[in-house]
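Inspection log for the structure reproduced underneath, given as structure tokens.
Read the numbers this way: they start at 1 and go in the same order the structure lists the ligands and their atoms.
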Amino acid sequence: MESVEIAIVGAGPVGLTLAGLLAQRGVTVAVLERRRERSPHSRAIGIHPPAQDVLRALGLGEALATEAVAIGGGQVFYGESRLGRLALPEAPMALPQARTETLLEAHLKILAPRALRLGAEVSELKQGIDCIQIFCKSGEALTAKLLVGCDGTNSTVRTLADIKRTGSTYPDRYLMGDFTDNTAFGSDAALFFSHEGIVESFPLPHCQRRWVARLRDSQTALTVDSLGALVFARTGQTIPLTTCSWLSPFGIEGFVAETFLKGRVALLGDAAHVVSPIGGQGMNLGILGADTLAQAWNGLPESLEHALATHHHVAKRVARRAAFNTHMGRPLPALSARRALITLALRLPRLSQKFGEVFTMRDLA
Ligand SMILES: Cc1cc2nc3c(=O)[nH]c(=O)nc-3n(C[C@H](O)[C@H](O)[C@H](O)COP(=O)(O)OP(=O)(O)OC[C@H]3O[C@@H](n4cnc5c(N)ncnc54)[C@H](O)[C@@H]3O)c2cc1C
């Protein structure tokens, strides 16, 4: 049976980042990925400064600089009235997740040409004393000192390792779509609070823009037209609907696994923690976890205990702030404590700075 030091399940952004970081350190890795082709669509778009640092250390700095849009700040509105602009201490970068994964995969091919195995769906594990055996539906089998499940929210690895997670599904539902950018926001994001729920808008490369709207509780229509109507009613902005390149509804979940390390099995990314996408921190948190694991690994699973326990605390913090962001996006009466908080955050430089650091995840370091 083939033997590697670390086997990674899942070639999403987190598994690919981890594989690259480990290969860079001379660790032999295999990445087992069940799909044969990548989805062209991108859930995540925002890469915050700490995750940028990791990607730069991996050698993707030039690609980020040329391909991503640096988000200068956030214009904040209540309905059509502009409340102010949140300047960010460091710019998050907008790059569609599919492109980030393509860059990571190409880079991994250079560092470890044979590492990525497509069409390899992991279905069985056997924990031994000094190794773990991994079996795929295709018949492929491996042994490794450590197995890292980066296989997403419905993680097979988490189930096979019998690691529970706690959390819940939120009542909030959203609709998002990518369009040609016809706004005057340039490289700024825009947040529109309203008595019907939030609308968010983010710049994308190639003069595209993502629009995200919280759905009304009773809303059943999930079409481009209904997104356009929601956005117009709450913001006065007219989206060029015929330019839509992707439309997707999504719900909100918040779950954290009870542990990120059990024997020779570690969990990272959405397999370990699913946080509300409002605020765009899930993939970023996974990338930071990959960096934490890669830096701590010294050949023994025990070497990860402290690092992954610390990352567990970080994940819980991020989950709490994502829950706060989701709460802020709910229908907002004109006279409310939340609206007062937003106004204060825009007017008081120290509070504004704090919000900027939390939003860009700089406070976690
Ligand atoms: C609408 C939306 C917007 C978002 N926006 C942002 C954002 O702007 N910024 C941000 O940081 N995060 C964002 N997120 C969250 C982000 O998309 C996820 O956190 C991220 O995709 C998690 O990456 P991952 O590598 O852990 O898992 P995934 O991307 O889910 O990848 C898991 C991989 O594992 C593979 N796999 C699964 N099971 C097996 C198996 N048994 N064997 C082999 N392979 C397997 C899958 O095929 C897949 O390729 C958003 C999420 C949503 C829903």
Could you tell me whether the side chains of [X] and [Y] share a donor-acceptor contact shorter than 3.5 Å?
X: T156; Y: T159; value: no
X: D188; Y: Q75; value: yes
X: Q237; Y: W211; value: no
X: R165; Y: T153; value: yes

Give me the residue, atom name and distance of the protein heavy atom closest to [atom].
atom: atom 50 (C) of ligand 1; answer: P277 CB, 3.8 Å
atom: atom 45 (C) of ligand 1; answer: R34 CG, 3.8 Å
atom: atom 31 (O) of ligand 1; answer: G12 CA, 3.6 Å
atom: atom 9 (N) of ligand 1; answer: G280 O, 3.1 Å
atom: atom 32 (C) of ligand 1; answer: C150 O, 3.4 Å
atom: atom 34 (O) of ligand 1; answer: G10 CA, 3.2 Å

Spell out, as yes or no, whether a donor-acceptor pair under 3.5 Å connects the side chain of [X] to the backbone of [Y].
X: H48; Y: G280; value: yes
X: E357; Y: L364; value: no
X: Y78; Y: L83; value: no

For S352 and L86, which heavy atoms make the closest approach, and how far apart are they? OG-CD1, 3.3 Å

So which atom in A266 and which in L293 form the shortest heavy-atom distance, rounded to 0.1 Å? CB-CD1, 4.1 Å

For [atom], tell me which residue out of [options] has the closest non-hydrogen atom.
atom: atom 29 (O) of ligand 1; options: R117, M283, R43, M361; result: R43
atom: atom 46 (C) of ligand 1; options: E33, K137, H41; result: E33
atom: atom 5 (N) of ligand 1; options: G152, A120, P249, A44; result: A44
atom: atom 42 (N) of ligand 1; options: N154, L104, I47, V122; result: V122

Under 3.5 Å between any N/O of [X] and any N/O of ligand 1: does that happen in this structure?
X: V9; value: no
X: D270; value: yes
X: V14; value: yes

Could you list the atoms of ligand 1 found under 4.0 angstrom from a heavy atom of [X]?
X: M176; answer: 1 (C)
X: T156; answer: 41 (N)
X: R35; answer: 49 (O)
X: G269; answer: 26 (O)

Region of A51 that comes within reach of ligand 1 [heavy atoms, distance under 4.0 Å]: neither

Between Q97 and ligand 1, find which residue part has any heavy-atom pair under 4.0 Å and reply side chain, backbone, both or neither. side chain

Flag yes if more than 12 heavy atoms outside E302 fall under 6.0 Å of its CD atom; otherwise flag no. yes

Quick one: pull up CZ in F355 and CD1 in I342 and give me the separation to the nearest 0.5 Å. 8.0 Å

Give the ring-plane orientation class for F192 versus F77, where under 30° counts as parallel, over 60° as perpendicular and anything between as tilted. parallel

Take every heavy atom of P13, measure it against each atom of ligand 1, and state whether any distance is under 4.0 Å. yes

